[in-house]
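For reference, the structure is listed below as C-alpha cells.
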Amino acid sequence: MPELPEVEVVRAGLAPAVTGATVLGVTVLDERALTRHSGDGAHFEAGLSGRLIRGAARRGKFLWLPLDGPGRPSEAVVAHLGMSGQILLRAPGAATERHERIRLDIHHPDHGDLAIVFADQRTFGSLALDALVPTTDAAPGGHGTVDASVPAQVAHIARDPLDPAFRTGVFRATLARKDSAIKRVLLDQSVVSGIGNIYADEALWAARIHPEVPARVLSTRTVNRLLAEVDAVLEKALAEGGTSFDAQYVNVNGQSGYFAHSLNAYGRTGQPCPRCGRPIVRVSFTNRSSHFCPYCQKPSRA
DNA sequence: GGAATAACCTGGATGC
DNA sequence: TGCATCCAGGTTATTC
C-alpha cells in the first residue's frame, strides 16, 4: 500500500530519468485511471504530448511532474498510486504490463527513449493534468522541487512530517481541537499527509498510544513523542525501500521494499508484541483494521 | 462546520 | 472443482 516512503522511492527513481525529458506520446488504455483528470483520454493525451518534464516532486502520497511548453499554461502531471498503483520505467516498446492503464513515451537527452508505465490493479490510483497554483506559505510545494507551487488538487493536502516546511506547532494546535480518535486524525491528509494505515499503526505502537484515544486529550509531550515516532518510522521505511506484502508496491524497476520485515504491530494479529510479549490485537476501524498492543497502548496512558 | 460513513475497485483467500 | 463471499484500504462525496 503506497504511503509516503513508497511514493518517495518512486519519485527518487523517476526524477533522474524524467527531468529534462520530452513527452513523445501518450497511450491511455483505461480511462478509469483518469478519474482525477478533468477531461477524457484524448484530452489528456493532447495536453501532454510535446511537453518538457522539469522534474519530479512529491507531497504526502501525491507525486507530480511539472511541465514546460511554449505558450502552454503552468501545469503538471499529477499521480496518485491509490492502493495498488505502480509507476514503472521500461524500454521503449516493452510488452504491456499486467494492469497497465497509461503509458507515456518520453525522450531524454542523456538516456534516450523510455516508457513510463502506470499500472494499477484496483484502479484507485490515477493520473491527471492539472494547473499549478502558488503555495499558501510561499515555501517549495513539496519534496523534489524548489518551486513554490503545487497542483491545484494537491493544494488542500497538508505538508508531510518530513517536509522542512511542516509546522509542529500548527499540528499540535489542530490536534487540540479534534474530538476524533488519534488514528483517524493521523489518516486525515488535510491535517498531516503521507501517513496511511500501516505507518499509523506502527507510529502509534512505537509511541505507546492507543489508536482510539481522542486527539485533543494528548499532552504536548505525548504529541511530540508521537511526531518523533512518525518521523522515525517513515525514515526507516524510506531507508529500507518501503513496505511490500504481495508485490502491490514496487519501485520504478519493479523491485519490492524490505520494511515489511520491520513491522511491529501492523498485520501481526495474535503474534507477540516485540516490547512486552503479549499478543497484538486487531480491531475493526472505519472500514479497515487497527493493530495494536492492548497492554503497551492503554487508553489511560494518554 | 465537524465528524462519520459508504462507495469506488480487483484479486487473493476462505468457506461451502 | 466451482461458486459465493469476505477482505484489503486512500480518497471523496454524502449524510448526520
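What you see below is based on every heavy atom in this structure, not just the backbone, and it leaves out hydrogens, waters and symmetry mates. We name chains A, B, ... by the order of the sequence lines, and we start the count at 1 in each one.
Put simply, A:Gln121 has no side-chain N or O that comes within less than 4.0 Å of OP1 or OP2 on B:dC9. Residue A:His99 has a polar side-chain atom (N or O) positioned under 4.0 Å from OP1 or OP2 of B:dG11. Here A:Ser289 reaches the OP1 or OP2 of C:dA8: one of its side-chain N or O atoms lies under 4.0 Å away. For A:Arg184, a side-chain nitrogen or oxygen approaches OP1 or OP2 of B:dA4 to under 4.0 Å. In this model, the phosphate group of B:dT10 is approached by a side-chain N or O of A:Arg32 to a distance below 4.0 Å at OP1 or OP2. At the phosphate of B:dC8, neither OP1 nor OP2 sits under 4.0 Å from any side-chain N or O atom of A:Thr35. For A:His156, a side-chain nitrogen or oxygen approaches OP1 or OP2 of C:dT12 to under 4.0 Å.
Residues A:Ser84 and A:Phe124 form no side-chain contact, since every pair of their non-hydrogen atoms from C-beta on lies 4.5 Å or further apart. Using a 4.5 Å heavy-atom threshold, the side chains of A:Thr222 and A:Leu226 count as separate.
Between the side chain of A:Ser193 and the main chain of A:Ala158, a donor-acceptor pair closer than 3.5 Å is present.
Mapped onto DNA chain C by nearest heavy atom, A:Ile157 and A:Asn197 fall at different nucleotides, with A:Asn197 at the one closer to the 5' end.
Across all strands shown, A:Asp120 has no heavy atoms under 4.0 Å from either base or sugar-phosphate atoms.
Judged by distance alone, with hydrogens and angles left aside, A:Arg288 brings a side-chain donor or acceptor within reach of the base of C:dG10, the pair sitting under 3.5 Å.
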